[in-house]
Every structure is written in structure tokens, then in C-alpha cells.
Amino acid sequence: MKKLVTVRQLILILIVCMLTLKVLYLPSLIAKDIGRDAYVFVFSFLMFDFIVLLLLLYLFNKNPELSFYEILKNIFGTVLSKIIMFIFFVFFFGKCWAVFQSNYNYLNENLYTSLNWLVFSVPILFVVLYMSKFGVNSAARLAEIFVPIIIAGFLFSLFVGITKADFSQLLPFMEKSFFNQFPKFFKYSFWFGDYIIFIVFFGNIKQEKKQNLKITLSILTTIFLTTFFIAVVFATFKNNTVCHSNAISDIVQVLSTGSDIGNFDWILILIWDIALFLFFMFNSLGAFYCFRQTFFKKWQLLSISIILFGVFLLNVFNNFDIHNGIIFMQGFASYFIIFAQYILPVLIVIFSFIKKRRKNAKVYLEK
Amino acid sequence: MLRYIWKNKILLILLILGLWLVPHVIGLSEQSQTESIVTAIGIDKDNEEFEVSLQYIVPSASGGTEELKVNTQKGKTVGEAIEKIKLQLGKLSGFAHCRFLVFSDAACEENFTQLLDFLLRRKTNTNNIVLVNTPDSSKDLLSISTKLDSDLYSFLDNNSSENEFGDFHNLKTIGDYYNAYFSPVKCLLVNRVNLKQTKNGLKNSNTDNGGSENKQSSSQEGGKEKKEFENKGEQIILKDNKKLISLSSEESDNLLWFNPEIKRDQFIIENYSENNLKNVSILFNVLNKKLNKKAYFKNGKPCFDIDIRLYIRTGEIAGENVIQQDYEVLQRKLSDKLKKAMTEVVLNSLKNAEKHFKENNYDVVECFNTFYKYKNKELNNFLQNFPQAKENFIREVEFNYNIKFIQGH
Amino acid sequence: MISIKQKAQQIVKKIQEEFQGNSDIIVRQIKKNKQEIFLVFIDEIVNQEEINLNIITPLHNYKSKKTLTLEDIKNRAVSLCNIQILQEKEIKEKLLKGFALLFVDNDNRALGFNVLSFQGRSIEEPPSSTVISGPREGFNESIKTNVALIRRRIVTEKLKIEDLTVGVRTQTAIKLLYITDLVDKKVVEEVRSKIKNINIDGVLDSYYIGTLLENKPNSIFRQVGTCEKPDIASAKMLEGRVLILVDGSPIALTVPFILYEDFQSANDYYSEPHRATTLRVLRIISLVLSVYLPGLYMSLQLYHYKVLPLKFLVTIVNTTQNLPLNPFLEIFFIIILFDILFEASIRMPKYLGIAVSIVGALILGDTAVKAGLVSPPGVMIVAMSAITIYIIPNQSSQISTLRFIFAFLGGVLGSHGIILGSMFVIGYLANFDSFNTPYLAPYAPYVLKDQKDGVFKDNVLSMTTRPESFSVLDKVRQKNINENSLNKKLNKNKK
């Protein structure tokens, strides 16, 4: 019997992918450009994500037994579907690369005085390679164990922030108009669109009652809590938000200033290390899945090794410097990311709808 | 055995990992042996040169108690001085446990952010380091304590805990400074700690040689001096990246009324007479304070209403022939006359504070911020009509006070 | 091989030759109406009194004029319950299993009497599964006694007992026990086929069978459950598991096995649910402490000293000032010392035990610290970790191994190494399936209905269904009686 991913596992994976990067660097980066109204823009982008996720969910519900590649093949044929899979491969590969860099930077700044990049990268790549041998199902079970801890850490940080936040710091609301500032926010598109990981699980999910409702409600709750968290970060740190490049753990520091039992922030740092690892693992599995569909379906271990080695080399080339990565992601790459995570899924869904109508029309004519 | 290892691939991987990494770890000593644990930084300025003192922990060798020592060096920048200290100590300086930064008046006369620049570029989060000003030398202040139990941190901690006799003003950190720096008003109140020397008729002499470790107390001609921390309740104002003015304890106390975070305080009514009480001084303890601020424009002029609700309790009545009965009467009900007297005293403090900050043009009462948050459009219109008003905004504002007293137990 | 239709004497001689003239092979000749009847048995493993009373005496007293056949003796002469007519090929096996064999002339078969009896351990409380309240009976080495203990608890005709034999030279008896209308037949089929395929010289303990049943025998995590008490074994069978009893071993095996089983103790089911919940939470905390504490301590000292609060850091720094070993070597040194002490205390004669504990305490607790070899925090950390291992006794060897691995990772890579190690271990376990049951059930995949017996234990009234994690034919365990309706019925009856 084929091992399937449960809806709960899928929800937890989507939550961890959507949550991980947004509560680290993003608040400090947005503070430079947009300031206290950042949570409005984050919310709007998250709602874009949610709408496209709903479209993908629709696509999934129409073809629950088929994988994403098979759905694409039915709509577009082999050649175009391979091109689309290649685009998604590049998308996932980019996310892997950036997260790998930011994980190194994150540990180097927050926990270690100095961390050798080789000592950091080899074990993490090895563990991901080992996990890829077992398949998506085992990775989903791994996430099912750890994501509740991550969510608990996030909620703890949020509650600590609420107790210390001064929400009047978010005023005046929208001092500069929304549409004036919105184009500036497009360069942060890399931090969104994590729901795309859903395509890796197509055809592999155990059908349950009310699954759509469960997924929708969970993702909406995550969106609201994330937006609230961004607002709380600004309300807590006020004008100093730019300095706090690790928002999730810095918020907890305000709780235990001068405490004899020390700062709790290192627990959050370790928890978020887990989240970054899971994010990296799922995106590399996504890259592997798309790579396999595009190039070769055999030699799975070789394919994933090539991908991981590519990530490693690219980071070495980039000197493991997150800031170069950020500049690249905010620049040229942001257009590609917007296309891959918003425009392309919408087009796929539209074409599937058109194809279905044509098919129905054909059947009707034949009758 | 080799076959067994080959079969258990995990064992093989651990073996390879071990062969690669263990030789490095075997030679690795604890981080605390390569980095000194700095608990405080003191910065003085002398003729364009910074004199930096680092207070660090020297662990005791035989498992007894540790000692605090101070090492001082001079340099053109703070970073340069710290590098020299590093060379002297033979260890890196670890600021992860640094709790406060003491700076003298000379150091903050101009370009205060230069003092903080080195710290802010460290990997460790230094935003929580408490800022403390001293009119004396920061080196001398740090040299007072030799034990962790009796250092400046425990002095500040004890003072700032809520006790019946009032708080030390709430402590400001580097993070608070930068918040204020990037806000429209750019003002910050910083606490001041003095050095108290109990002289025994003999002069003080230090045995420092421009960089060696200072002793807690020094003696000359057979006499001993004792140095202590002293809290006079004074503060200084940092504005526009430098020290603006220092506040005496009375001026600081007056400003406390505007601070919603400081709940406890006290005030005295002197020469009060009512019924059996004749020319007595009554001390009232403020148990709790609720402060509401309201900003609005009236006829194009900015107005700032402050509603203060004070929960008070009679602390002491000092005078001749005060009997228990009178004390009890006051506990039950406050008469109108008494309320009027109390209002006058509090209002006086408030007005004095208002006069002071208008004269010296500093806004630590969040007046501009309140207008900026809640009346943004009207504020922008006002500033457009009066462009210079932004810098002297506090002087344009009309303050109105409404004080209520509620008897607490 | 014995040839067809020989004289009984010749048959017996051949048996004696095959057993190389062993002195414990007793041959008793009985003459009955000029007929020679031979009784053969192994002295040490039979009940001689039973032979005398129920075989020899009745045979002597039986009056018959004709030559007795095996059927006659079986049906009329003797008064024993368990009598079988054995074929040629079964003779040797049954003789070795404690049967007394009776031979008559011109018949190559034998009449087998089950008179097996030898000294064994009585039913005692097992040392590693003690309870404060609840049954204290434990399995012993006799498979017959163990089956009897199960039969006493599961009184249903649906209880199926299958006999198997494993071991070329030991011919160890194995019994498969399961409840036919609960268990998944595929699991039974898989267990049966695996046991039948075992081709081993000898089986001396159930551990051999357990290892041979596992899919990944080289893994440090076991995939077959064990229990020493019949009440636990019965409870597991009632959840749809298969029980395997091995002759000569007091430890029974159960399949399928999930990791969380070892966090449940028999005491949990015989005490209040809130107490059980507290203890289960404590067990998980103990697991975390025992596995992670040494590694975390090392990593904090070597890589992340800034995480420690100032006063604690100063205490550690004061005590680790002049040690000759760095934290990595110090912790491993203390762990090895502790393990040596534990092993010595198991094998030491009891009268020397007190001396060992004093010496151990002095060496580790006092002298080593004063000599400046190790630091007090290090000793405390390792001691805490060592003690907490035994809160989950069934997993003690696994936890001990993991402790070493995580200490190594913590020292070499810091806390990131510990995180990666955890990912690796959990990922490895997530891939395990024990007889089609996920190893990390009911947490991965998460099964809501099984949480009533999870970390937060509910009372017996809520256990209305069997665990969803196992494939069981009949899910209903208890029909829920509504208290209100019960009270109404009782009131009606009163009226």
C-alpha cells in the first residue's frame, strides 16, 4: 500500500514554510523602506499567497490521484510541462540557496562566535541527502513531530511581544498612501510564495473529510498571526527595528533583561534553527522532484546529490554572505519570483479550466 | 570489525566525522578562557582621546569567589582603546554579559553615538546595555566594586525595585537611546550615579600607571578611604547626539510626574492646618498613578491635556501634638481643603517641570510624539504654516492639567 | 533409522546407541504374560512418581490374557491424561522433550506419555517491571506456566495458540498467541513465516527470535516489543498484537511495536490518570535530559558561553579553571567512569556491593573533583543524565548509545550539531515501520483518537476503542454507558 501524507502533515508543512523566513530578517529589512506600516503590506502579500493557494487547492481537488507533473502533462503536453517544471526547479533551487546562506548567517550571528562554513555545510547537506532517500512521507512525519514545537515557540515569542509592545507606535496609520509604497514592496516577493511546496505533494495526500476547510482555516490563522507578529515587532522595537535582524528571538530578550536565569532567546534560536532546516529540506525535496520530472527519473540519489552540491558551490562562490544574496533577491530575481509564484500558477489553473470546458464541450457534441 | 562498520553506515559516517573534527576539538579550550567576561564599560574623554575602562571578571583559582577588575587604556577611538586592553589582557573582550555603560560628562559633550558605534557593530546583541552617567570619572566609579554581589548592577537593581520610598528612575538602555535618536524629538533621560568618598582627612591617591588594574581603595599616610555609589536622584538629558543639560534631583522629581511608568512617588504638604492639626507637614505616598494624555488643536494652537489620577496614602504627619485620632481621620476621608493643598503642590511640581523643559527646549514627555501619532494631519498643517515650530514645538504647546486624588490602602 | 517391525528390545538398543549410551536414558523392562514391554525415559526431566503411579503400577495390575497392543495400553491399561501414539520419526524428539516412551514387540511406533517435569523458578515479580499497585506475577522460563498465566487472563475461545519449534540443536518451543477476531491476519502470517524461515543452531532466549524478526537488525532501535508480565502481555493482545513466548525465556515478545509503548508503564493503568500523566511527562523530560544534557553542556562551554546567565557562568568558570582536560574530554571521561561503575555494580557479589558504592562515590564524587581532574558541574551533569536513563528501562541501552552520539555531536559541532543529530534520529525513526505500523505512532502520523492514552492519559471510561494506530478487526472495546441514563434506570428500579 502506498504511504500517503495526511492533511495534518500537509498543513504543518505549509505553516512551517510560510512562517520560517518571515519572522527573521524580514521585519528589519522592511523597516528601512516602509517603516511601521509594513504589516499592512505583509498582510496583502500573504492574501495574494492565500488566493493562489486556493487556486492550487482547486486544481488538486479536481485531480486528487494525479501528481502535479501529470496534471501539467494533461493540460499542456510533455514539452511545455517540462519547461514549467524547470521553472519551478529554479524557484525551489533559489529558495534552497538563500535559506542555506541565511541559516549559516543566522547561526554565526546569534549563537556561534565563529562557525567554519565547511563544518556547517557538510553535516546539514548529508542529513538532507539521507532524508531524501526515505521520500516525502518520512519528511512529512519528521515535520509533524517538530512543527508543533516551532509553533509553540512562535506563539511564546508573540505573547511576550504583546506584553511589552506599545501599539501606539504603529500610529499614524498609513501616513504615506498604500499605492505609493506598494511598488517598493515588490522586491520582498522572495519572502513570500512558500505555499508552492504544495505541488510536491499532489497525488500523495490521503483524502479526508473537510480537508479544504481545515487547510483554509489553518492557513488563514497563520496569515493573521504572522501579520500580527510583524506589527508586534514594530510596536516593541519602535525605531530600532532595523537593528533586530532576528526578530523572533530578539523579542524574547525584552522579557529577561538582566534576569538571573539568563535570556530565553537562545531557546528560540535553536527552535528556529529547526525551522530553517525543515524549510531547506522541503525546498530541496521540491527542487529534486521538479528536477527529476525535467531531466531523469532514475538515479534519485545522484539527482539530489547534484542539487545539494550545486547549492553548496553557489554559496561558496557567494562567500556565504547573506547580504549579497539579499541584494540579488531584491533585484532582478524578484521579477522571476513574482512570475513563478503568482502568475504561473494562475495561468496553469486558467488553462486547466479552459481545457476542461473544451473537453466537456467535445463530449457534449459527441453525444 | 571493518565489515561491521561497513554494514552500519551510520557508524562509518560518525567515524569519518570523528576523524575529521575530533582532533580540532581535543585542543579546544572553553570559550571563557579565550574571551574575558566584561560586565561593564566606562568611557571618559580627555583632550580628544577616549579613556576606556573595562570591568571584567577574574575567576578565582581555588573555587572561591571571583573578583572584578578594571583595566583602562586610552585611544583616539573607543575601538582602539579596547584593542589595547585586549593586548594587555591577552584575551578577546566578550561583551555578551556586559550590563552597563558608564560615561562621564566630558564623554557626552558631543557626538555621543561615537561611544556606542563599536558596541553596536558587535555580533552580540548590545541593545540591552544600560546607560549610566556620572559627573566623576567612570574609571573610579567602576573601581569601587570588587565583587559581583556589590557592583553597580546590584546597586541599580536594588534602587529600581519597587519599595516604599520610591523608585530609582527607570533605566535606559542603548536600544532606548537609538529609539529616541530616530524619533522626531531625539531626547533621552539618562540616570546619573555619583561617587561618594568618605574621607578620613587624607587625600586620595590612585596607583594607576595609565593602564594597570585599579584597586578598590587606596591609602596614603596610614589612612583608609571608602568609595561608594551614591544616588542623588539626578539625571541628564541627551539630545541631538550630545548632552543638553543635567537635572538636579528636584528637577528630576518634577519630571517624574509625567512618567506613566513610574507609579510610586511621594510629596509633602508643609504648614498645613485644619481642625486639630496646626502647621503640620504631611507626607503622602503615591501608591499608583494613572496618566492620560490628550493632544488636540484649539484655534490653531496645540494643546496638551494631562489627566493624572493618583492613588495616595498618608505616610506621615510631622508636627507638635499630633495624636492618633487625627491620623485616623485623614485616613478615612480627604477634606476639600486638603485636596486643594495637595493639588497645589502637585501642580506646582508640574508647572516647574514644564517651565524647565520649555526653557531648555527638550521634550521627554512625549508631547510631539503624541501629536504625531494621533493628530498627524493637523500637525503637518501646523508645521507647514510654522516651519520653525518643529524644533521649538514644545514651547508652542499649551499644557493643561487635571489632577484627581483617590484614597488607597 | 529403525527398521520395520522389530522386537522392542532391539528398538530400545538402537535408541541407546543413538544417545551414545548416556547414563540418564533409563530403560525399564516390564514383563506381562510373556510379553516384554519397555519403558524409556530421560531421568532428569520426567516426573518419576507419575510414571510409577500412573504407568507402571496400572500396567502391572492390568489383567489380560492376550498380547497387549499400544492401543490397548492406551485405552485400558494406564491412567494418564496426556498419551499420544508416536510415529518413528517423532520418537527421538519426544524423548528429548520429557516424554516417557513405551515400546512393544512388532510395532515400530511408541506410546508417548507427557511426564515432563523439572525444577524451575517460581512465579516472581520481575525486577525491571515493579509496580506500586497492580499484579506482581511475572513470566518465568517455563513456557507452559507462561501460557497458563495468559489463559487465566484471556478467557475466550478466540485465543489461538500456535506451536512452532526453532533451533536445530535446542529444538526450542515457541508459541504464538493472538486473539483471532482482533488481530490483523497479515501480521500473524508475517510472524509465522519469519519464524519458520529461521534456520539457526540454537535459540536460548527470546532475544534471538526478536532480532530475527526485525526488518533492520543492525539498528540501535528495537522493532519488537518485550514484556515480562502477563497482565501487560494480555493488555497488548487485547489491543490486537501478537504475543510470542519462547521456552526458557521469561521475556515475551509482542508485535507490532511502537516507540511510545516504552513510555507507558503498567503502573499508569493501575493508578489515577493525573498521576499517570505527570509520570509520562516526567519520562519524556528524563529522556530529553539523559540524551541531551552532556552534549548541551559541552556545546555551551565550547561554543556558546554567552548563552549562560552571568552568575551560572561565573560558577562554572570558577570550578573549571585549572582542569587538565578540556570539556569534551572531561565529559567523556566522566561518562566512561560512570558506565564502568554501573557495570561493576551489576556483576559485583552482593556482599561487596556496599564497598563498591562507597569507593565509586568517593572516586567520582569527591576525590576526582578535589584532585582537579574533573569539575563538579561536569559530574553533576553526567550523574543526572545517567540516573534519568533508567526511568525508561526498556530503552536504557538505546538512550545510553544516543547519549554518547549527542555528546560527541555537541562537542564537535555545538548546538547546531545536536539539532542536526535530532533531525537525523527522528527522520530515521519516521521511516521505520514495525509490521505495517508506523514506529512513531500515534504522533507521526498523528492519530487524535489515540491521544487518550498518549502523554495525557485519560481514565478507563474513555478507553472505548482500541488504538487506531494498529490495524485491528474489532475497534470497539467498551460501550459507553451514559451516567445519567444509568441513574435514571436505577431510580426507576427503586420505584
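Numbers restart at 1 for each chain; the letters A, B, ... are given by sequence-line order, proteins then strands.
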Please check if the number of heavy atoms outside C:Lys475 that lie under 6.0 Å from its NZ is greater than 12.
yes
I'd like to check C:Phe424 versus A:Pro123 (side-chain heavy atoms, cut-off strictly below 4.5 Å). Are they in contact?
no
For side chain to side chain contact (heavy atoms under 4.5 Å, CB included), just list the numbers for C:Leu420 and A:Phe277, CA-CA rounded to whole Å, side-chain angles, deciding distance to a tenth of an Å, and then say yes or no.
CA-CA 8 Å; C:Leu420 281 184; A:Phe277 173 82; 3.8 Å; yes
Residues A:Trp266, C:Ser415; criterion side chain to side chain contact (heavy atoms under 4.5 Å, CB included); working and verdict:
CA-CA 10 Å; A:Trp266 63 274; C:Ser415 53; over 6 Å; no
Give, for atom CG of C:Leu413 and atom CG of A:Leu107, the distance between the pair rounded to the nearest 0.5 Å.
11.0 Å
With a 4.5 Å heavy-atom cut-off, do C:Tyr303 and A:Leu111 have their side chains touching?
no
What pair of heavy atoms forms the shortest contact from C:Tyr428 to A:Phe134, and how long is it?
CA-CE1, 4.1 Å
Atom group of A:Phe120 that falls short of 4.5 Å from chain C, counting heavy atoms
both
For C:Phe432 and A:Arg141 the tightest heavy-atom approach is O-NH1, 3.8 Å
Identify which part of C:Asn436 has an atom lying under 4.5 Å from any heavy atom of chain A, answering side chain, backbone, both or neither.
neither
Any side-chain heavy atom of A:Val119 within less than 4.5 Å of one from C:His416?
no
Heavy-atom closest contact (C:Ala430 atom, A:Ser138 atom, distance):
CB-O, 3.7 Å
Atom group of C:Ile426 that falls short of 4.5 Å from chain A, counting heavy atoms:
both
Nearest 0.5 Å, please: how far is NE2 in C:His304 from CD1 in A:Ile269?
9.5 Å
Highest number of heavy-atom pairs under 4.5 Å with chain C: which of A:Lys133, A:Gln9, A:Arg8, A:Met281?
A:Arg8
Within 6.0 Å of NZ in A:Lys214, more than 12 heavy atoms from elsewhere
yes
If you count heavy-atom pairs within less than 4.5 Å of chain C, which of A:Leu278, A:Val5, A:Leu270 leads?
A:Leu270
Identify the heavy atoms of C:Lys306 and A:Glu109 that sit nearest to each other, and give their distance.
NZ-O, 4.2 Å
Please list, in residue-number order, every residue in residues 446-457 of chain C that has a heavy atom less than 4.5 Å from any heavy atom of chain A; write 'none' if there are none.
C:Tyr446
Heavy-atom pair count under 4.5 Å with chain A, highest-scoring of C:Leu440, C:Leu409, C:Asp433:
C:Asp433
